[in-house]
Asks: 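The structure follows.
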Amino acid sequence: MQKKISINTEFLIYDSIEELNKEDKDLLLLAKKATDNAYAPYSNFYVGAAVLMENGIIVTGNNQENAAYPSGLCAERVAVYHASSQYPDLKIKTIAVTARTNGKTLTGPVSPCGSCRQSLSEYEFKFKSAIRIILAGQEGEVYISESVSNLLPLTFTSSSL
Ligand code: THU
């Protein structure tokens, strides 16, 4: 006996950053600004993330690379761990992520790696509250999802332990 399920994930796609509401656009612009402090001498791929907490405080982060490559950390985790370390009791409302690189222009949204999806999911589970996620490149479409779970179906959480 077998059954098949299909898991639906949803994103709203905007033609450009100009179509976003002010709160989302401002957050994305802070994520863009955060790319300036990325330390990415090995990949030259500069990622920025901005985390909006429930009380309006915004914490940013960027990727930090290392000569021992696996020791580096992605922008999303730098931002969200910084946010949680400073404001452990504040719900995370939204995270915006963007990137730029040397050479080619990124015309579509940057998509968080699996480890970052897992790390962000932890805080959705902790606060029992969805985290909106805004994904953009240097230009072109912006993807918005109402929950990180749309990026990570069948998430492993503490409820499995
Ligand atoms: N990177 C991020 O910071 N976030 C992502 O979502 C994807 C990848 C970083 C890791 C590394 O410093 C560089 O981008 C190239 O993979």
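Every number for a ligand or one of its atoms is a count from 1 in the order of the listing. The first residue of the sequence shown is numbered 1, and numbering continues consecutively from there.
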Asks: Strictly under 4.0 angstrom, heavy-atom based: which residues surround ligand 1?
Replies: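 The 4.0 Å shell around ligand 1 contains S43, F45, V47, N63, E65, C74, A75, E76, S111, P112, C113.
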Asks: Check the surroundings of atom CD in E122: do more than 12 heavy atoms from other residues, nucleotides or ligands lie under 6.0 Å from it?
Replies: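 No.
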Asks: State which residues pass side-chain hydrogen bond (donor to acceptor under 3.5 Å, both in side chains) with N37; sequence neighbours excluded, sorted by chain then number.
Replies: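 Partners of N37 under the side-chain hydrogen bond (donor to acceptor under 3.5 Å, both in side chains) test: none.
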Asks: Sequence neighbours left out, what passes ring-ring contact (aromatic ring centres under 6.0 Å, His included) with Y42? Give chain and number order.
Replies: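 Partners of Y42 under the ring-ring contact (aromatic ring centres under 6.0 Å, His included) test: Y69.
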Asks: I'd like to know if K126 and D89 make a salt bridge, using a cut-off of under 4.0 Å between side-chain N and carboxylate O.
Replies: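 A salt bridge is absent here (no side-chain N lies under 4.0 Å from a carboxylate O).
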Asks: Determine, for E23 against K93, whether the closest basic-nitrogen to carboxylate-oxygen distance falls under 4.0 angstrom.
Replies: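 Between K93 and E23 there is a salt bridge, with a charged N closer than 4.0 Å to a carboxylate O.
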Asks: Using distance only, find each side-chain donor-acceptor pair of residues 105-115 under 3.5 Å and give its atom names and separation, not counting sequence neighbours.
Replies:
from : atom 1 : to   : atom 2 : distance (Å)
S111 : OG     : R117 : NH2    : 2.7

